[in-house]
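Here the structure is a predicted model, which means the values were calculated and not measured. Every chain is numbered from 1, with letters handed out A, B, ... down the list of sequences.
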2 protein chains.
Amino acid sequence: MARRGSYAKGIAKREEILTVALDVIARTGYRRASVRELAEAVDLSQAGLLHYFTSKEELFQEILRKRDDVDLATYGGESVHPIDGLLGVISHNQEVPGLVQLYVQVSTDACDPEHPSHAFFVERYARIRDVFAQFVRAEQAAGRIDDDVDPERVAALFVAAADGLQTQWMLDPSIDMAQHMLHLWHLITRRV
Amino acid sequence: MARRGSYAKGIAKREEILTVALDVIARTGYRRASVRELAEAVDLSQAGLLHYFTSKEELFQEILRKRDDVDLATYGGESVHPIDGLLGVISHNQEVPGLVQLYVQVSTDACDPEHPSHAFFVERYARIRDVFAQFVRAEQAAGRIDDDVDPERVAALFVAAADGLQTQWMLDPSIDMAQHMLHLWHLITRRV
DNA sequence: GTCTATAGCATGATAGAC
DNA sequence: GTCTATCATGCTATAGAC
């Protein structure tokens, strides 16, 4: 809080950049994950933008982290059913192809163990699977999901389906990702 | 068959390049999808390699097409159960990370409508979904899958899960893609 | 048919003025 | 803090020798 003025300003500006970047990418779409292109989108020079981030990879990683934060704040929360939250995010994604494209591109690049954001995505996926598996277990305890459903596997499958549908949707935007995910949820929850 | 010698030679050499490329990528892995790197892997200069393909994109598209052909010939066929075939391919993929990496990277790039291989992947996914949906319908007719399962949606979901698991597997190779897909198939086929 | 050499472009990063 | 300018790199594609 009581940090030096210039430092606090830097932090604030960083946040502002991330927010604007998200907004611009959501509204105007996005081709390549290049610093130059993003810089002019947020009305800075390339050097000006990179002044706040140590590298291209950190920049885009932070944009995606911010996006997760915003999505969680918008579609998550105590009162909302986890599946509704997920479907909310996915429906929203269908309105922001640029963000989907950016995510797919960066997460794909980060699969290389040498990529600076590799650890970030490893942790992110592990965390999401964990939360989802926990939810499935709770549903099983409540008798709403059969016991022969494997929570960990279903969690990985659910996340995988959401990811994979993005590819198919980008290739053919007539595909409704949310509807498909809802159908998957029906498959998971139906009682034998 | 009875084409001019030089032309036939060109075709034959093209095929040989694709076969060797597949083999090398499968054995030694693959970092970036660059023509240079592949060229030295198949023991040609970059220019020598590009003599047989009009562009980088065509080259990698043809490698992936060839891979599909090989996979179909190896794990497909009349006598083999479609799910066994798919699981065979997926199990095999776990032995060839380089091919998985190449596929994910190229298919992601091709999501851009401007990408030269865009149409190839649009058609490929539509075809695979179609075949799978047809299979689900047959299973329904045989009474082995419930009628409230939507063949088209399940087809898209199955393919999506297979794709998405690749990302998770590359980030954490301890994940068994084939086991997960088998579990998904159980979810689809269990009777309510 | 295959090579060497190079053109031509896009990128990320940095130096230095203001 | 932000800019302009530039550097260094990596890439695809092509020209031209052999």
Side-chain angles (χ1 to χ4, degrees), chain A residues 3-21 24-25 30-64 101-102 105-106 108-110 112 114-118 120, chain B residues 3-21 24-25 30-64 101-102 105-106 108-110 112 114-118 120:
Chain A
R3 295 183 190 278
R4 292 225 324 280
S6 60
Y7 185 54
K9 176 100 182 289
I11 296 289
K13 180 73 179 185
R14 241 177 91 117
E15 287 303 303
E16 186 202 318
I17 287 173
L18 295 178
T19 304
V20 173
V24 169
I25 295 170
Y30 205 62
R31 294 250 175 96
R32 270 171 290 290
S34 85
V35 177
R36 246 185 186 74
E37 200 177 338
L38 180 61
E40 67 186 55
V42 301
D43 242 327
L44 250 67
S45 73
Q46 191 220 194
L49 176 54
L50 275 187
H51 178 250
Y52 295 97
F53 302 88
T54 59
S55 70
K56 168 198 172 170
E57 284 83 9
E58 196 208 355
L59 166 59
F60 286 107
Q61 172 187 305
E62 292 310 307
I63 290 178
L64 291 176
Q101 203 169 339
L102 178 66
Q105 195 164 321
V106 174
T108 294
D109 287 352
D112 182 342
E114 307 293 312
H115 194 283
S117 297
H118 186 76
F120 171 80
Chain B
R3 295 186 189 277
R4 292 222 326 279
S6 59
Y7 184 55
K9 176 98 181 292
I11 296 289
K13 179 74 178 183
R14 241 177 91 117
E15 287 304 304
E16 185 202 319
I17 288 171
L18 295 178
T19 303
V20 173
V24 169
I25 295 171
Y30 206 62
R31 294 249 176 97
R32 271 169 291 288
S34 84
V35 177
R36 242 205 248 308
E37 202 176 339
L38 180 61
E40 67 187 55
V42 300
D43 242 325
L44 250 67
S45 73
Q46 193 218 191
L49 177 53
L50 275 187
H51 178 251
Y52 295 97
F53 301 89
T54 59
S55 69
K56 167 197 173 172
E57 285 82 9
E58 196 209 355
L59 167 59
F60 287 106
Q61 172 187 306
E62 291 310 308
I63 290 178
L64 291 175
Q101 205 170 337
L102 178 67
Q105 195 165 320
V106 174
T108 293
D109 287 351
D112 182 342
E114 307 293 313
H115 194 283
S117 297
H118 186 76
F120 171 79

Using nucleotides 10-12 of chain C, report all nitrogen or oxygen pairs with the protein that are shorter than 3.5 Å.
residue, atom, partner, partner atom, Å
C:dG12, OP1, A:V35, N, 3.4
C:dG12, OP1, A:K56, NZ, 3.3
C:dG12, OP2, A:V35, N, 3.1
C:dG12, N7, A:R36, NH1, 3.3
C:dG12, N7, A:Q46, OE1, 3.3

Send over the distance from B:E16 CD to C:dG1 P, rounded to a whole Å. 13 Å
Separation of atom CG in A:D43 from atom P in D:dG1, rounded to whole Å: 18 Å
Which residues pass the side chain to side chain contact (heavy atoms under 4.5 Å, CB included) test with B:V106, sequence neighbours left out? B:F60, B:L64, B:L102, B:F121
note: B:L44, atom CG; C:dT4, atom P; distance rounded to Å ~ 10 Å
Which atom pairs link the protein and nucleotides 15-18 of chain D when you take only N or O atoms and keep those under 3.5 Å?
none

Check the distance between D:dT12's C1' and B:H51's NE2 and give it to me in whole angstrom. 16 Å
Do the non-hydrogen side-chain atoms of B:L18 and B:F53 ever get within less than 4.5 Å of each other? yes
Under the rule for salt bridge (charged side-chain N to carboxylate O under 4.0 Å, His left out), what residues qualify as partners of A:E16, not counting sequence neighbours? none
Test: salt bridge (Lys or Arg N to Asp or Glu O under 4.0 Å). Region: residues 37-59 of chain B. Which pairs qualify, not counting sequence neighbours? B:R14-B:E58
Given atom CD1 of B:I11 and atom C1' of C:dG1, what is their separation to the nearest angstrom? 15 Å
Residues forming a side-chain hydrogen bond (donor to acceptor under 3.5 Å, both in side chains) with B:E62, sequence neighbours excluded: B:R65
